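The chain is numbered in sequence order, starting from 1. Excluded from the calculations below are hydrogen atoms, water molecules and symmetry mates; all remaining heavy atoms, backbone and side chain alike, are included. Both counts, for ligands and for their atoms, begin at 1 and track the order of listing. Note that this is a predicted model, so its numbers are computed, not measured.
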Amino acid sequence: MVFRLSASYAVITIVVLSLFGAFLFWSLKQSLEINARNTLADKISVMREILRERPNDQEALEEEVQWESTARRQSVYYSRLLRDNGALVIQSPGAQDLIPELSRCPSPAAESRSIGETEEVHSGPGRTLLIGSAWITSGAENPVLSAPQRFIYTVALDTTSEQNFLHDYRDKLLMVLIGGSVVSAVAGTYVARQGIRPIKDISAAAHRITASDLAERVGSMAWPRELAGLAAEFDAMLQRLEDSFQRLSQFSADIAHELRTPINNLMGEAEVALNRERTSKEYANVIASSLEEYHRLAELIDSLLFLARAENADLSLQKSWFRVADELAQLLSFHELQATESEVTLSFSGDARLFADSTLFRRAISNVVSNALKHTPRDGNVIVEVAAAHDAVKILIKDDGVGIAPEHLPRLFDRFYRVDASRAAATAGTGLGLAIVKSIVDLHGGSVTIESELGKGTSVTLVFPVPPAVKEEMERQSIPGVAISE
Ligand code: ATP
Ligand code: MG
């Protein structure tokens, strides 16, 4: 990661510097060339002026060609004036060696143009000349020469210093490029290291955290803004882990506790029975009461197994269509005996069609109804109401029993949670009933809520959603009660 970041950083710098340098170099070269061409044009224009206005002024000619040109320190130039037949009129000292013969010079610019083609010539070591030439027609009113004459004027501007300047500039640009690349690679590595350090800190913190030490948090450290969100998420995840880990530990402790009591009972009974010789009737009594305890144990284990499988989503739902009223009628007939024994009226009303796992559905309703029956005294009522909303089926189980104090309500769906331990001993619940109801409803994507008032009664609402796709199917299937496997 550090390498990749710093490498891309360096590559970007190199590309940007190269493009920038190339552009600067090109534009400088361009303007120097334009400058040199302008100087050449200037010289040509001076010569035209002289030949047109004062063609007999030999002095002016000499001054321009022989003195002016070589006396300069800046923009030294050499020039040569030829007649159109190639005969030499005048040339600067040294021009003979420096200006190539006419056939090798760029073709002269027409009279109308200030300058035509130019050519760069390297003559001698490290000497560069820019050569251009032009046609010049002398003035018509010439007292010396009877008719206007045509000349070819060639000027060679010494651009050696410009060339050197350009080379120097190019070398400096290359140095900047190389230096810049090295600096950016080093700086990039440093910056990338700095940038990545907080991530390393988070991973070090993650490394420190073990199952026994989930209390560690990273949010309090000073994070850069971009990572503060990650740190907060990380802490939230730790909080969730810690919570579920605590619940799991509590659950294991509860399981151990719940299993210990019946096993102690069984052990006690067996020990007492073995104290002395017993009659076969007494042995049969011991076995019968043990069997009861075994049933309770088996039930407890079954419930725990169910919860574990539901939690791991290991449970595949066998969904089918059914009429809620059919299931309720069947289910309540099981509870009828319990209801008549405690002289509680048990009834149901309403109907709906539902697409759910009917076995689990019965198990959930049965758990709630049996709670209601258990906690409703003589002459009470337990009513089950079914209502079909547009995207869900609601089942309300209402009793006018003892009710539940508000402080217990939030924890009722916790595993092994019982409102009153002493009362629980009398009614012998495991405290898993509502936890199972919740996991069944969750598996169906629904919800369960409980409302209660002490001394007035309790009502539990189960909501089973009807997904839109299933609802469509439901409307298409006009025949009620037809089972469609999912
Ligand atoms: P199990 O259902 O496993 O035999 P349980 O009935 O004790 O055991 P839950 O069904 O989870 O456990 O119920 C939790 C507690 O909620 C119960 O101990 C009971 O005190 C209280 N409770 C549940 N339903 C009612 C009700 N309708 N009226 C009064 N209290 C209730
Ligand atoms: Mg119960």
Side-chain angles (χ1 to χ4, degrees), residues 247 250-251 254-262 265 292-311 328 331-332 334-335 337-339 341-348 360-385 395-443 447-462:
R247 244 182 293 132
Q250 183 62 41
F251 186 44
D254 287 347
I255 291 176
H257 184 77
E258 292 297 322
L259 288 176
R260 204 177 55 186
T261 316
N265 290 350
E292 233 170 80
E293 211 65 58
Y294 290 139
H295 272 301
R296 275 173 47 81
L297 266 175
E299 219 170 276
L300 175 70
I301 289 168
D302 178 55
S303 299
L304 286 173
L305 212 60
F306 175 84
L307 284 169
R309 287 177 57 209
E311 184 138 287
L328 283 181
L331 187 139
L332 296 192
F334 284 124
H335 289 280
L337 185 69
Q338 192 188 352
E341 252 175 28
S342 52
E343 291 175 39
V344 173
T345 317
L346 179 58
S347 63
F348 81 92
L360 296 186
F361 174 79
R362 276 202 302 268
R363 187 168 189 171
I365 305 291
S366 174
N367 280 0
V368 181
V369 169
S370 103
N371 279 352
L373 288 174
K374 249 196 285 186
H375 299 102
T376 305
R378 196 173 288 258
D379 292 334
N381 293 289
V382 174
I383 302 164
V384 182
E385 281 172 16
I395 292 141
L396 177 73
I397 298 117
K398 217 160 61 177
D399 67 61
D400 50 8
V402 295
I404 306 164
E407 68 267 24
H408 298 296
L409 291 179
R411 296 204 52 200
L412 283 183
F413 295 103
D414 288 358
R415 292 157 186 191
F416 295 121
Y417 190 80
R418 278 158 294 198
V419 168
D420 183 349
S422 60
R423 200 171 71 194
T427 47
T430 59
L432 291 175
L434 288 177
I436 289 174
V437 171
K438 178 151 173 51
S439 68
I440 290 173
V441 175
D442 284 350
L443 280 172
S447 64
V448 52
T449 47
I450 188 160
E451 279 167 40
S452 188
E453 206 175 320
L454 262 186
K456 289 219 167 143
T458 306
S459 52
V460 182
T461 312
L462 282 80

- request: For ligand 1, find out whether one of its N or O atoms is nearer than 3.5 Å to an N or O atom of D399.
  value: yes
- request: Decide whether an N or O pair under 3.5 Å exists between G403 and ligand 1.
  value: no
- prompt: Side chain, backbone, both or neither: which part of V419 has a heavy atom under 4.0 Å from ligand 1?
  reply: both
message: Check contact between N367 and ligand 1, using heavy atoms of the residue and a distance below 4.0 angstrom.
response: no
- prompt: Taking it one step at a time, do Y417 and L434 satisfy side-chain contact (heavy atoms from CB on, under 4.5 Å)?
  reply: CA-CA 9 Å; Y417 190 80; L434 288 177; over 6 Å; no
message: Pairs of nitrogen or oxygen atoms closer than 3.5 Å, one from A435 and one from ligand 1: do any exist?
response: no
query: Are a donor atom and an acceptor atom from the side chains of S366 and H335 found within less than 3.5 Å of each other?
result: yes
- prompt: Looking at ligand 1, does any of its N/O atoms fall within less than 3.5 Å of an N/O of I450?
  reply: no
Under 2.8 Å: N/O/S of N371 next to the Mg ion (ligand 2): yes
task: Check the pair R415 / E311 against salt bridge (Lys or Arg N to Asp or Glu O under 4.0 Å), numbers first and verdict last.
output: CA-CA 12 Å; R415 292 157 186 191; E311 184 138 287; 3.2 Å; yes
E293/R296 ion pair, N-O < 4.0 Å: yes
Interatomic spacing from CG in L300 to NE2 in H295 - rounded to 0.5 Å: 14.5 Å
- prompt: Are the side chain of D400 and the backbone N or O of G380 linked by a donor-acceptor pair below 3.5 Å?
  reply: no
field: ligand 1 N/O within reach of N371 N/O, cut-off under 3.5 Å
entry: yes
- request: Answer yes or no: does atom CD of Q338 have more than 12 heavy-atom neighbours from other residues, nucleotides or ligands under 6.0 Å?
  value: yes
field: Contact partition for R418 relative to ligand 1, non-hydrogen atoms under 4.0 Å
entry: both
- prompt: Out of curiosity, is A372 lining ligand 1, as in a heavy atom under 4.0 Å away?
  reply: yes
- request: Determine whether the side chain, the backbone, both or neither of T458 has a heavy atom under 4.0 Å from any heavy atom of ligand 1.
  value: side chain
- prompt: Where the side chain of S452 meets the backbone of G457, is there a donor-acceptor pair that is under 3.5 Å apart?
  reply: yes
message: Going by side chain to side chain contact (heavy atoms under 4.5 Å, CB included), I450 matches just one of T461, T458, N371. Which one?
response: T458
query: Is the closest heavy atom of H408 to ligand 1 under 4.0 Å?
result: no
query: With backbone taken as N, CA, C and O and side chain as the heavy atoms from C-beta onward, which portion of F413 lies under 4.0 Å from ligand 1: side chain, backbone, both, or neither?
result: neither
